[in-house]
Number of protein chains: 2
Amino acid sequence: MVRVVALVVAVFVAEVAALWPAPRQLQKGSSALRLSSAFSINVKVPNAPGDLHDAAGRAAYWIKNEKMERLVVGRGAADAKAVAASKWLSGLNVVLAPGALKALPIASESVKAVGTRDEGYTLTIPATGAPATLSANTTLGLLRGLTTFQQLWFVHGSDTYMLGAPMTITDAPAFPYRGFMLDTARNFYPVADIKRTLDVMSLVKLNVFHWHIVDSQSFPLVVPSMPELSSKGAYGSSMVYTPADIADISKYAAVRGIDIMLEIDTPGHTSVISQAHPEFVACPGFDTWQHWANEPPPGQLRLANTSVIDFTSKLFKAVASQLPGKLFSTGGDEINAACYTEDAVTQAALKASGLTFSQALQTFTDKTHATLRGIGKTPAVWEEMVLDNALPLPKDTVVLVWISSQNVASVASKGYRIVHAASDFFYLDCGLGGWVGDCAGCNSWCEPYKTWQKIYSFDPFNGTTADQAHLVLGGEALLWSEQTDAASLDDTAWPRGITQAEVFWTGANGSDGKPRSGQEALPRLHDIRFRLVQRGVRARALQPLYCALRDGVCDLNA
Amino acid sequence: MVRVVALVVAVFVAEVAALWPAPRQLQKGSSALRLSSAFSINVKVPNAPGDLHDAAGRAAYWIKNEKMERLVVGRGAADAKAVAASKWLSGLNVVLAPGALKALPIASESVKAVGTRDEGYTLTIPATGAPATLSANTTLGLLRGLTTFQQLWFVHGSDTYMLGAPMTITDAPAFPYRGFMLDTARNFYPVADIKRTLDVMSLVKLNVFHWHIVDSQSFPLVVPSMPELSSKGAYGSSMVYTPADIADISKYAAVRGIDIMLEIDTPGHTSVISQAHPEFVACPGFDTWQHWANEPPPGQLRLANTSVIDFTSKLFKAVASQLPGKLFSTGGDEINAACYTEDAVTQAALKASGLTFSQALQTFTDKTHATLRGIGKTPAVWEEMVLDNALPLPKDTVVLVWISSQNVASVASKGYRIVHAASDFFYLDCGLGGWVGDCAGCNSWCEPYKTWQKIYSFDPFNGTTADQAHLVLGGEALLWSEQTDAASLDDTAWPRGITQAEVFWTGANGSDGKPRSGQEALPRLHDIRFRLVQRGVRARALQPLYCALRDGVCDLNA
């Protein structure tokens, strides 16, 4: 009898293991519950939008087809007795909370301005077999609840079951911006790979796909009014994103609760534009790239030239207007001074205008940002724009801190809204070695590899005072693609790149109200990793399976 | 006219880019040559074994289906004129060299004792359209030539073509052991993944699959006379290698020119045996694993007990007799002294026998190795067995140097045959971060990530004097699987894990007789990486495609 009690306790602990990110509040019992063969998700929302029905359909599909066994020795055999005695759950009712406004499509809720989206939900699952209920103020909240519900289920034999019933989850994100960045310029990714990436993001409630779509190496984005950029700058005629692709990906993301922040990095990182418009680019070519850029090929927009400002404004407008979201990144990182100092055209333009370089940069930024604001967009920039270059940008500008997490304090002190993207925590490409061709002793510039433990240890309020805490929008993991393309996308990105989903959804404390702990998190991260594998995502193993099956035994202090 | 000459020169240089490893001798012209639609590989060997016909069939299949475009700007468009003017190659004749002995199956040649295999071949390709000729003394040499021939072809539009005709290649390996090690115990790999791994190895002339099949975490190997080892020690009933799987993989490897060196690591790395035979294992369990092992779970064979020696001998015999190759690794690394010191059973056995621990280890090793030698096998061991433990093993024992490349000199000074497997050059798992559960500050023990450049820079004669050079059998890249399973196998292993294929096939000098250079090698490594991708292998990108299309421009000294 004592032994049975011990078993129940073990089950009780392991049940929490299924959820990533951990919900803010979780109350649970100690019963099993199994899915009826007639189980259905019933959308009981008046005039429910089609994308909510679709989301319910996807959730039901994965609950039935994921076939996830529990990560314990015996893979669920020890649960069989409890499951055999459990009730059958016949359905999940999906409803709007009392007093909620009229349901809008998920796709509309997903692209509202960051900080104005309502993603909260309540999920109640009785142990009696009575229908479960998912309730929220918005369809976006209902979508988030559906992703939680999907993660509760395991299979053993012919049973699909959960543990920990009855269960009540009351949940909402700690931070409004929870992102993942992909660079599709150093290497190209087909649309299917981007969609698979969005699927992963949605499952863990990440809500911003920061798409670094072009860079010095290639220009895969087809801009209808400026077709020369991709026809001359893409890696190949099939390695492009057409307007139809952008619309397709944009919709695919939005119905999954994901806003897209597209980035056209300027004025640096633009060498490729020289292939279509050599007159707009300073210091292209690669003979002396180390002098002009941090990586090949060098080339920066001649920002002091009026024609370049006009070109850039036109480009921003043409691209940004294709996407429904508010945020648009104009980049601004790694401006190389020597490139401009040595460019006769830029020097002549500065002389003619009587502007210093800093003034010219400010004019370029003001004008191009004004174009974006004119079509309802809010600019985002890398940290140098407000630190090294010290531009007095409007305070609603979103600043991504990337060089070091130590720079957050400086950005916060200037009063800008902050997205944590620091290379010392969130760069998934670090540690994969130097990639220049001829250097056996070269390591990654941002050694070491950022482990999930490192990402998980991040304090979302790092670098801010209590007064400045409201400036923290959230954070993102970033995958720069010098050494990654579609072949190695999944295991470079996941599961490390979902670790920040919990840092910024769950916040500083876990469901139990205590500070988050990597030791507590690991079994749940194993779970979501194996769920991804079940869904065809090639996420990397975190440990030997021996460890994944035995919570805690591979901890240092075991 | 000058421009045309320049183009020819460019073509001439790029043509070499297709081959990995570089052949020992290569003479080439400047003509294109295209494949006739009637092209066939004609095996003209008397009583040709079936596996030679099969190998020719596979080569023909890939030449027609690989669809590899040239890695240059325009992807071969610039070759169109030369190709349109070129001759059609109708066939490749595959023949034994004059005076060659009767043809044996490739599978028989592949498993001869290391150092006694004849892998050389000559390949002659006229530019006239007359049939090409592949000639060798053995079917194994013919197989190697077929892998070279496959790498010569590109597609553009409807043409399959090569550059650099007429071409004559005279080739043979610099070293007889060129390996890749996979650990299938920390995490399990399905048979299909192992076969795909063997396909990659064969394409680049790697000839030893060092299969670290079991370890402390799991025992996936089904031993018919000892079924309890896998029934209790495998990760699951479907995560095993049955005798049929072993026979299947063994044959699959042998017909592709690959010998399998299986490893049953003893006396350490055997915790899992305690699940079936607790009486044989000291210090199992994980409460204090850091004290008893370098990673969880601890557990070592009670080697001082006669019953354990008998068990180990029986196990070695049962396993080794399933494979046709001569080499069999008995491991011997990382013996933890505290585990034995604190094990009362071991201490009692030592006391009863009057042996020191060293003497007991020698007895254990002598007896188990004698069993292997009794069935015609040659033992291989990790370096500690002849260094730290200083066992006086017979000098034909093969010693794998893994802790550091600096230890080669000590092993060489004792006169053992050496396989380079040093963690500072060849460990593909290094740099992926610490994997224990609760340590945000932990990095990989063998930082940094081993880049292809690092592997490529290895001197095969490292640590040996001219007198000792004959002791160097070759080397291998190693993938330990704490953080890798089937999901991330391909891009963790490749293309880094084929870099050593050139180090040990081509040797210190390239085809041009000059010392190998990473700068010269990179375009060819890109080529073979993209060929692997065309074959469905998810090998990691080495650089932005921008660099892959432009030889040398992403070098530091560009």
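What you see is a predicted model; the values in this text were computed from it and never measured. Hydrogens, waters and symmetry mates are skipped; everything else that's a heavy atom, side chains included, is used. Residue numbers start from 1 in every chain, and the chains themselves are labelled A, B, ... in the order their sequence lines are given, proteins ahead of strands.
Both the backbone and the side chain of B/Thr484 come within contact range of chain A, each with at least one heavy atom under 4.5 Å from a heavy atom of that chain. In this structure, chain B has heavy atoms under 4.5 Å from both the backbone and the side chain of A/Asp485. Of the two parts of A/Arg529, only the side chain, counted from C-beta on, holds a non-hydrogen atom closer than 4.5 Å to a non-hydrogen atom of chain B. The parts of A/Ser488 that come within reach of chain B are both its backbone and its side chain, each placing non-hydrogen atoms under 4.5 angstrom from that chain. Only the backbone of A/Leu542 comes within less than 4.5 Å of a heavy atom in chain B; its side chain stays farther off. Interface remark: B/Gln483 contributes backbone and side-chain atoms alike to the contact with chain A (heavy atom separation under 4.5 Å). Only the side chain of A/Cys547 has a heavy atom closer than 4.5 Å to any heavy atom of chain B.
Comparing B/Leu549, B/Val537, B/Asp491, B/Leu522 by how many heavy-atom pairs each has under 4.5 Å with chain A, the most go to B/Asp491. For the options A/Gly74, A/Gly236, A/Gly434, heavy-atom pairs under 4.5 Å to chain B are most numerous at A/Gly434. Top candidate by heavy-atom pairs under 4.5 Å with chain A, chosen from B/Val533, B/Val73, B/Leu432, is B/Leu432. For the set B/Ala539, B/Ala486, B/Ala521, B/Cys439, the count of heavy-atom pairs under 4.5 angstrom toward chain A peaks at B/Cys439. Heavy-atom pairs under 4.5 Å with chain A were tallied for B/Gly431, B/Gly441, B/Cys442, B/Gly518; the largest tally goes to B/Gly431. Counting heavy-atom pairs closer than 4.5 Å to chain B, the top residue among A/Ser218, A/Ser481, A/Pro448, A/Ser457 is A/Pro448. Contact tally against chain B (heavy-atom pairs below 4.5 Å) for A/Trp452, A/Tyr456, A/Tyr449, A/Phe188: the top residue is A/Tyr449. Residue with the most contacts toward chain A among B/Ala541, B/Ala185, B/Gly433: B/Ala541 (heavy-atom pairs, distance under 4.5 Å). In terms of heavy-atom pairs under 4.5 angstrom with chain A, the leader among B/Leu489, B/Val272, B/Thr451 is B/Thr451.
Here A/Asp490 pairs with A/Arg196 under the salt bridge (Lys or Arg N to Asp or Glu O under 4.0 Å) rule; sequence neighbours left out. With sequence neighbours left out, B/Thr492 forms a side-chain hydrogen bond (donor to acceptor under 3.5 Å, both in side chains) with A/Arg540.
Shortest non-hydrogen contact noted between B/Gly437 and A/Gln543 is N-NE2, 3.5 Å. In terms of heavy-atom proximity, A/Leu556 sits nearest to B/Val436 at CG-CG2, 3.7 Å. Scanning all heavy atoms of the two residues, the minimum distance from A/Tyr546 to B/Tyr235 falls at N-OH, 3.0 Å. Here the closest heavy-atom approach between residue B/Trp435 and residue A/Cys554 is recorded as CZ3-CB, 4.3 Å.
Residue B/Leu545 forms a side chain to side chain contact (heavy atoms under 4.5 Å, CB included) with just one option from A/Gln217, A/Arg186, A/Met239, and that option is A/Met239.
Using a 4.5 Å heavy-atom cutoff, the side chains of B/Asp215 and A/Pro544 are not in contact.
Taken to the nearest 0.5 Å, the CD atom of A/Gln453 stands 10.0 Å off from the CG atom of B/Asn443. Put simply, CZ on B/Arg538 and CZ on A/Arg538 are 5.0 Å apart, with the number rounded to the nearest 0.5 Å.
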